Amino acid sequence: MPSIDRNAWIAPSALLTGDVTIGAGSRILAGAVVTGDAGPVEIGSDVLVMENAVLRGRVGHPLLVGDAVLIGPHAHLNGTTIEDEVFVATGVSMFAGSRAGTACCTSTATSPRPCDPDRLHRGR
């Protein structure tokens, strides 16, 4: 049974099943699937899970998402660890045992790399 902080928001069309924890201020948008049926999923505070993202815990590989994380539309996170202040771009797939370290950015064409917060705020 999912555990959802009272200050989190879940879209009516999002699906949460199994051992799922959602932190304060987090938002799960339309069509997202968060399933802890095969392993736990822990989502921190102030996380945005965008449309149609799929997040899954695995046996021996929980899905752990830190605080202040943006998970882009159509991302697929499967038994991975996402630390604090990470940007997971549209369509990124991360698999069991992988890790995105604090303040990094991911994209479909590269490995996780450090983010430049000033650059993100300038929109470049």
Side-chain angles (χ1 to χ4, degrees):
M1 181 85 171
S3 172
I4 302 166
D5 186 273
R6 64 186 177 107
N7 293 316
W9 182 81
I10 311 300
S13 64
L15 175 66
L16 279 68
T17 63
D19 186 3
V20 172
T21 303
I22 309 290
S26 291
R27 298 172 56 86
I28 311 297
L29 300 187
V33 175
V34 182
T35 177
D37 294 333
V41 175
E42 296 179 15
I43 296 175
S45 62
D46 300 315
V47 172
L48 176 61
V49 178
M50 296 186 75
E51 296 87 349
N52 302 308
V54 176
L55 286 69
R56 293 185 174 133
R58 300 256 315 256
V59 173
H61 293 282
L63 174 61
L64 306 173
V65 178
D67 298 330
V69 171
L70 187 149
I71 298 170
H74 302 281
H76 183 180
L77 305 180
N78 192 342
T80 188
T81 298
I82 309 295
E83 295 181 359
D84 296 341
E85 300 177 357
V86 172
F87 170 67
V88 179
T90 299
V92 164
S93 293
M94 294 182 69
F95 301 101
S98 64
R99 175 179 300 271
T102 298
C104 81
C105 299
T106 65
S107 72
T108 56
T110 65
S111 299
R113 65 190 190 286
C115 282
D116 175 355
D118 293 328
R119 185 175 178 195
L120 288 176
H121 291 294
R122 290 191 309 264
R124 296 185 210 153

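Since the model is a prediction, treat every value here as computed from it, not as a measurement.
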Provide the full list of side-chain hydrogen bond (donor to acceptor under 3.5 Å, both in side chains) pairs with a residue in residues 57-72, sequence neighbours left out, each pair given once.
-> Ser45-Asp67
Can you get from Val33 to Met50 by hopping between Ile, Leu, Val, Met, Phe, Trp and Tyr side chains that sit under 4.5 Å apart?
-> no
Return the set of residues passing salt bridge (Lys or Arg N to Asp or Glu O under 4.0 Å) with Glu42 (not counting sequence neighbours), or none when no residue passes.
-> none
Passes side chain to side chain contact (heavy atoms under 4.5 Å, CB included), Ile43 versus Ile71? Steps please.
-> CA-CA 11 Å; Ile43 296 175; Ile71 298 170; 5.9 Å; no
Please name the pair of heavy atoms, one in Thr106 and one in Met94, separated by the smallest distance, quoted to 0.1 Å.
-> CG2-SD, 4.3 Å
Look at the side chain of Thr102 and the backbone N and O of Glu85, then say whether any donor-acceptor pair between them is shorter than 3.5 Å.
-> no
Ser98 and Thr80: side chain donor to acceptor below 3.5 Å = yes
For Glu83 and Val86 the tightest heavy-atom approach is O-CG2, 3.2 Å
Derivation of the side chain to side chain contact (heavy atoms under 4.5 Å, CB included) call for Thr35 and Leu15 | CA-CA 8 Å; Thr35 177; Leu15 175 66; over 6 Å; no
Might you point out which heavy atoms bring Val69 and Gly66 nearest each other, and give the distance in Å?
-> CG2-O, 3.8 Å
In a check of side-chain contact (heavy atoms from CB on, under 4.5 Å) between Pro40 and each of Val20, Leu63, Asp19, Leu64, which one passes?
-> Asp19
Are the side chains of Ile82 and Val47 in touch, meaning some heavy atoms are under 4.5 Å apart?
-> no
Closest heavy-atom pair, Ala11 versus Ala30, reported as atoms and distance to 0.1 Å, is CB-N, 3.5 Å
Of all the heavy-atom pairs spanning Ala89 and Ala75, show the shortest one and how long it is.
-> O-CB, 4.2 Å
Heavy atoms of Ser26 and Gly44 approach each other most closely as OG-O, 2.7 Å
Of Thr21, Val41, Val65, the residue whose pairing with Val34 passes side-chain contact (heavy atoms from CB on, under 4.5 Å) = Val41
For the atom pair CD1 (Ile22) and CD1 (Ile28), what is the distance rounded to the nearest 0.5 Å?
-> 4.0 Å
Look up atom CH2 in Trp9 and atom CD1 in Ile4, then write down how far apart they are to the nearest 0.5 Å.
-> 12.0 Å
